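Worksheet: the structure to be examined is printed underneath.
Chain naming here is simple, since letters A, B, ... match the order of the sequence lines and numbering starts at 1 in each. Please read these numbers as outputs of a predicted model, since none were measured by experiment.
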4 protein chains.
Amino acid sequence: MAILTAARELLAEAGYAELTIEAIAARAGVGKQTIYRWWRGKGAIILDALMETGDNVEPLPDSGDLRADLVAVVRATVAELADPRLSATTRALTIETLSNDELAEQVRDRVLRPQMEAIKDRLRTGPLRPEINLDQAVELLIGPPYHRWMLRTGPLTDEYADGVVDLALAAFQK
Amino acid sequence: MAILTAARELLAEAGYAELTIEAIAARAGVGKQTIYRWWRGKGAIILDALMETGDNVEPLPDSGDLRADLVAVVRATVAELADPRLSATTRALTIETLSNDELAEQVRDRVLRPQMEAIKDRLRTGPLRPEINLDQAVELLIGPPYHRWMLRTGPLTDEYADGVVDLALAAFQK
Amino acid sequence: MAILTAARELLAEAGYAELTIEAIAARAGVGKQTIYRWWRGKGAIILDALMETGDNVEPLPDSGDLRADLVAVVRATVAELADPRLSATTRALTIETLSNDELAEQVRDRVLRPQMEAIKDRLRTGPLRPEINLDQAVELLIGPPYHRWMLRTGPLTDEYADGVVDLALAAFQK
Amino acid sequence: MAILTAARELLAEAGYAELTIEAIAARAGVGKQTIYRWWRGKGAIILDALMETGDNVEPLPDSGDLRADLVAVVRATVAELADPRLSATTRALTIETLSNDELAEQVRDRVLRPQMEAIKDRLRTGPLRPEINLDQAVELLIGPPYHRWMLRTGPLTDEYADGVVDLALAAFQK
DNA sequence: GTTTAATCGAGACGGTACGTCCAGTCTTATG
DNA sequence: CATAAGACTGGACGTACCGTCTCGATTAAAC
């Protein structure tokens, strides 16, 4: 879809500040009305743009080595956040989410939940203390990188990702 | 300062969407120029509004009971995030931060670092495994609630705060 | 024709401002394309709507009393202009005419000329000074009411109509 | 005033169809809001543009020769109507007037009445039949040229102007 | 005690984007 | 096969704010 592509390009090139409906329409060669016909606003466009990129959430592999499996997924997440062009869409979506409750729900249900469920599924099989709350367990893996990314409190490297996994595992496992 | 009060009130009453420089000026009974004379933009105002509220970061108490001390601080953090009126300013600041690198640095240095340092200081004395990276340890306590708050993936209650602390402690301590 | 009826109704009910092609199509239960297939634009529709009303111009009666015959036709004209609902179509057509030369020619030839010719025909037989230019004579009867209607400079009553005729006759006759 | 000049130029160059608020703003180097701050809409701008041109209505001269005095004023009126560039503003104002009652009143009071009063004043002194209604008398001079201009039913020349005056005088005078 | 300078409120200004409406064209599916 | 339905590009609408820029009026300092 030309509109979603235009939105992604604008975000990658110039950031959220220059992502205007008019700019999207102009770049996509489309009338503004067409955009408003199909999307409620900028937030909805960004969400669809993100989903279309097809990070189609796949179940985590179960290699038998929990740490290895988690390292893979956390490294991937951290790497995406670390690349400004890749994370531009996520950043924009986060902004919209913060002042749009309806959008926030959709993002939660369509983007976040599937990702978190995929990790939960892997955690369920991997050996960990039975009393662990899986929701909180997932947040232990995702929350810290997200926090660091948003607030730029530290580097987002593979080593960091590994450290996050190790800490989390120490919490999960007996 | 009338301007910062006006900003806080507008955020509490109507949210970020209606926080405009003109609205702040009107409510504070001030000319727009006066605002621009002292602040670079909306973000700087919000930052000052937040800091003025005087959550002057104090060192965490050291009761000898690490869990109790951490529960206190995490519960307080979670409670503030859970209250829409209290967290409105933080929310607005987060939005600005996401599209303003300069502001992001200031927020990191003036708001976040002190809070995280305070927790780090307590962690340094409380008994935990020596190889723990303190920055990551703090993120383990703060990141998950922040993530949950921003993305509304679950309730922000005292029980949740306690769970976060327990998980983190399991990671820190041998 | 449903389309012309719809146009007339819209004009009578809401005036030129709300006469849009889309409104006409919607009210007539017709696709926009069907309208464009048969008419060049709004102006052409209004013209046809006006003509269909069938003020089929008839020759003026020649009762032998020139004043009586002219009073009849001028009163009728003035009465139609005085009624907002009746003159709505004429008003709309005038607007279109003013910014559409092609339409202006058609209006002149299909609407105006016949009406003026009818009056001219009666003037030819009625006793008047031979050197009178008939075109100007007709304008002397029609121009003032039209001017008064368009610019709302005075009432449009039967008495007024009679006054117009009397003045004109004073000019025509020796 | 740059805005009124821009409006006049656009009308002279391209006609009413291209007289948009945005075009006026662009040509005048002005924000749209500035226009809306001072004028209610296109009609009000055109009215002011017309008035600024300073056709400051002056009393008709009284040379003692009524025909000569009227010929002068009617010729001038007809000449202005005949020149497309000069009459573009009047044409545009007429269009607006036709679908804007409020504006119509202003045009009547600020533009038309003074012009008509000036002619009435001259008619009052010039020798004419006492029972003549002066309002209708003026319309007899102005209405026909206006009608001919709007509906393009004939040429607008000096000879025509003279003919109008002669017919009117025949009506006025004994 | 008067003059001068700085600061303030108020709000006009040139701009940019908003979200809506319609024009006129093009596409689809229905009868 | 023409039609209604309506999506499409395009462009103007009138509004909201942005950040800059005059304006007087009010204070405070300097003389």
Checklist entry - Can you tell me if CZ on B:Arg85 sees more than 12 non-hydrogen neighbours from other groups inside 6.0 Å? => result no
Checklist entry - Do B:Glu13 and B:Arg27 pass the salt bridge (charged side-chain N to carboxylate O under 4.0 Å, His left out) test, and can you show the C-alpha distance, the side-chain angles, and the key distance before you say yes or no? => result CA-CA 13 Å; B:Glu13 290 168 16; B:Arg27 179 178 286 238; 2.7 Å; yes
Next on the checklist: What I'd like to find out is whether the side chain of A:Thr97 reaches to under 4.5 Å of the side chain of B:Met150, using heavy atoms alone.
Outcome noted: no
Next on the checklist: Check this for me: A:Arg110, atom CZ, are more than 12 non-hydrogen atoms of other residues, nucleotides or ligands nearer than 6.0 Å?
Outcome noted: yes
Item to check | Pairing of C:Lys32 and C:Glu22 as salt bridge, 4.0 angstrom limit | outcome: yes
Checklist entry - For DNA chain E, what residues of residues 21-46 of chain B have any heavy atom nearer than 4.0 Å? => result B:Gly29, B:Val30, B:Gly31, B:Lys32, B:Thr34, B:Arg37, B:Trp38
Checklist entry - E:dC22 C1' sits how many Å from C:Leu10 CG, rounded? => result 14 Å
Checklist entry - How many Å lie between CE on C:Met1 and C1' on F:dT3, as a whole number? => result 12 Å
Checklist entry - Between B:Leu19 (CG) and F:dC17 (P), how many Å, whole number? => result 11 Å
